[in-house]
Amino acid sequence: MKINIDDCIRFSDGKKFESMLRKAKKADRLLKSGKGAGSDYLGWLDLPKRIKKEDIKLINKAAAKIQQQSDVLVVIGIGGSYLGARAAIEALTDVRNIKGTEVIFVGNNISGKYVESVLEYLKDKDYSLNVISKSGTTVEPAIAFRIFKEALYEKYKEKAKDRIYITTDPVKGALRSIVEKEGYTSFEIPADIGGRYSILTPCGLLPIAVAGIDIEQMISGAKDALKNCTEMSVTYAAARNLMYKSKKTIEIMVNYDPSMHFFTEWWKQLYGESEGKENKGIFPAGVDNTTDLHSMGQYIQEGIRNIFETVVYIKDDMSTITVPDISDNSDGLDYIKNKSLKYVNEMAMRGTKSAHLEGDVPVILIELEKMDAFTFGKLIYFFERACGISGYILGVNPFDQPGVEAYKKSMFKLLGKPGY
């Protein structure tokens with residue numbers, strides 16, 4: 001895993017970057033000291049080396065049981081309670097080699113059409129539920145749990161109890177009360193870890209394991225990043241804040257593989273919810289290339305010059321397919337005949353990067369040799385660490401989200417909830 005920020009330094013200058021780098025190192029020291037804002041939510045910081053083998057065994061045991069009894073695991077959660085798991089499953093599941101149970105996600109919207117379509121899909125399948133919520137009262141997953149729990153009990157009667165797995169606060173909240181009352185199998189979300197930093201807790205690890213992904217390798221990757229990637233996290237945080245100071249207020253996360261779409265969604269929540277406070281913060285956006293070059297490419301190239309890009313590029317996508325050699329060259333593709341799609345995709349990335357630089361869009365390039373569970377875990381921790389550093393550079397608490405409550409208050413009032 002390598003990071004290249006040369007284009008950002010050239011866009012600004014070396015002295016300004018060195019100044020920002022000093023601020024980033026200071027912010028990292030504050031993060032490690034546990035004396036900064038939001039220090040009650042720093043449990044993720046050394047989590048990779050604190051995860052116990054016994055806990056992994058319990059998660060893998062539950063995952064194996066779900067795989068044995070179910071065609072589908074329905075994960076009910078929203079935000080950090082589902083994005084990390086979905087990002088990992090999308091990035092690491094290959095349709096040519098599916099080892100686990102199908103995992104689908106509900107409770108991340110309030111679309112009746114979507115809920116009905118999932119219920120219809122499940123009619124002829126055996127399934128289990130994994131409800132993920134710290135409080136148990138977040139509206140979207142709470143509604144979904146009520147609906148899918150009713151459907152589960154209709155199908156399995158008293159045996160439904162054995163198909164419900166709840167991941168929630170260790171001591172309090174509506175779901176913890178339900179666990180104590182009903183005796184459902186449960187896992188804990190550590191009190192000192194917020195949702196968007198929770199992928200390496202049972203929030204993410206249980207559904208990821210059910211999907212057949214090696215969670216021990218993912219944890220090993222995160223542990224490696226904890227040990228070896230601090231400098232990279234500091235560098236990334238410094239570079240993006242250098243861009244922010246240069247009036248580049250929108251960061252576009254770019255990938256060149258559709259399997260990374262939900263990684264971008266996870267990243268958007270991590271940075272948007274951590275930094276968007278006090279009228280500050282870089283706006284996180286995302287594109288899936290080369291697809292979005294045919295929709296957003298024009299704006300990125302020639303729109304308002306307040307954007308920069310972070311490209312996460314996987315060098316070896318493990319494919320061998322090539323462009324066929326045909327006799328008549330009727331499609332005009334002979335210039336790339338017998339070339340691998342992997343090579344063509346890389347040239348598309350490098351050509352786009354060059355064009356965007358000419359269009360005054362600085363690019364941070366993060367290159368991965370390949371995508372596997374180890375690399376994914378490493379990438380996740382790298383971005384988490386950088387996010388904490390970046391938030392402290394910005395001068396905000398990167399571990400709370402007070403603005404999230406505003407829409408809820410208005411919605412509850414319109415719905416007639418008591419007290420609103």
Side-chain angles (χ1 to χ4, degrees), residues 62-63 65-67 69-86 89-90 101-169 172-187 189 195 198 202-204 206-208 210-211 262 265 269 404-405 407-420:
K65 181 181 176 182
I66 293 168
Q67 290 171 340
Q69 70 181 172
S70 298
D71 303 310
V72 179
L73 174 67
V74 180
V75 174
I76 300 174
I78 196 167
S81 294
Y82 100 101
L83 279 171
R86 190 162 189 178
I89 292 168
E90 295 275 342
T101 292
E102 181 182 9
V103 179
I104 60 177
F105 298 87
V106 301
N108 49 72
N109 60 65
I110 320 176
S111 166
K113 179 182 177 182
Y114 179 72
V115 169
E116 285 183 347
S117 70
V118 174
L119 287 169
E120 183 66 27
Y121 178 71
L122 293 172
K123 277 185 177 180
D124 300 323
K125 298 183 182 298
D126 284 318
Y127 66 98
S128 298
L129 305 181
N130 178 205
V131 191
I132 306 171
S133 175
K134 212 163 194 178
S135 67
T137 56
T138 304
V139 173
E140 295 89 343
I143 291 172
F145 185 34
R146 180 178 284 204
I147 292 169
F148 283 88
K149 179 183 175 183
E150 183 179 65
L152 194 75
Y153 271 90
E154 279 185 15
K155 184 167 187 172
Y156 297 105
K157 310 307 179 190
E158 71 279 357
K159 293 182 179 179
K161 179 179 176 179
D162 198 40
R163 292 174 174 270
I164 295 176
Y165 300 79
I166 292 182
T167 309
T168 190
D169 189 274
K172 64 181 187 296
L175 280 179
R176 180 52 58 189
S177 297
I178 290 171
V179 168
E180 292 173 358
K181 180 182 177 182
E182 302 293 342
Y184 298 136
T185 299
S186 70
F187 292 90
I189 305 172
S198 68
C203 280
L206 178 58
I208 291 168
V210 170
F262 272 95
E265 295 303 302
Q269 187 207 2
V404 172
E405 299 303 315
Y407 90 88
K408 295 180 183 178
K409 291 177 181 177
S410 296
M411 179 178 69
F412 292 154
K413 183 177 180 181
L414 290 169
L415 289 171
K417 183 176 180 178
Y420 289 86

Nearest 0.5 angstrom please: [X] [atom1] to [Y] [atom2], how far?
X	Y	atom1	atom2	value
I178	I166	CD1	CD1	6.0 Å
E265	R86	CD	CZ	9.0 Å
S133	I189	OG	CD1	7.0 Å
L415	Y420	CG	OH	11.5 Å
I143	I110	CD1	CD1	5.0 Å

Partner residues of Y82 under the ring-ring contact (aromatic ring centres under 6.0 Å, His included) criterion, sequence neighbours left out: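 F105.
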Counterpart residues, ring-ring contact (aromatic ring centres under 6.0 Å, His included), relative to Y121 (two or more places apart):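 Partners of Y121 under the ring-ring contact (aromatic ring centres under 6.0 Å, His included) test: none.
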Closest non-hydrogen atom pair between [X] and [Y], with its separation:
X	Y	result
P207	V103	O-CG2, 3.9 Å
G107	I78	O-CB, 3.5 Å
P141	I76	O-CG2, 3.4 Å
L206	A63	CD1-N, 4.0 Å
A142	G136	CB-O, 3.9 Å
Y407	E140	OH-OE2, 3.4 Å

Residues which pass side-chain hydrogen bond (donor to acceptor under 3.5 Å, both in side chains) with Y165, listed by chain and number, not counting sequence neighbours: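 For Y165 the side-chain hydrogen bond (donor to acceptor under 3.5 Å, both in side chains) partners, ignoring immediate neighbours, are Q69.
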With sequence neighbours excluded, residues passing side-chain hydrogen bond (donor to acceptor under 3.5 Å, both in side chains) with K113: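 Here no residue qualifies.
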Less than 4.5 Å apart, any side-chain heavy atom of [X] and any of [Y]?
X	Y	result
I132	F187	no
L175	F145	yes
S70	L73	no
N130	T167	yes
F412	V139	yes

Contacts of K413 that satisfy salt bridge (Lys or Arg N to Asp or Glu O under 4.0 Å) - sequence neighbours left out: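 Not a single residue meets the salt bridge (Lys or Arg N to Asp or Glu O under 4.0 Å) criterion with K413.
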Could you check whether any side-chain N or O of [X] sits under 3.5 Å from a backbone N or O of [Y], counting only pairs where one atom can act as donor and the other as acceptor?
X	Y	value
Q67	V210	yes
S128	I164	no
D71	D126	yes
K149	A160	no
Q269	G80	yes
S117	Y114	yes
K134	G195	no

For A151, all residues meeting side-chain contact (heavy atoms from CB on, under 4.5 Å), sequence neighbours excluded: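 Checked A151 against side-chain contact (heavy atoms from CB on, under 4.5 Å); matches are L119, Y127.
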K408 atom NZ, neighbour heavy-atom count above 12 within 6.0 Å: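 Enclosed.
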Y153 and K161: CA distance, side-chain angles, deciding distance, side chain to side chain contact (heavy atoms under 4.5 Å, CB included) verdict: CA-CA 8 Å; Y153 271 90; K161 179 179 176 179; 3.8 Å; yes
Worked verdict on K159 versus D162 for salt bridge (charged side-chain N to carboxylate O under 4.0 Å, His left out): CA-CA 6 Å; K159 293 182 179 179; D162 198 40; over 6 Å; no
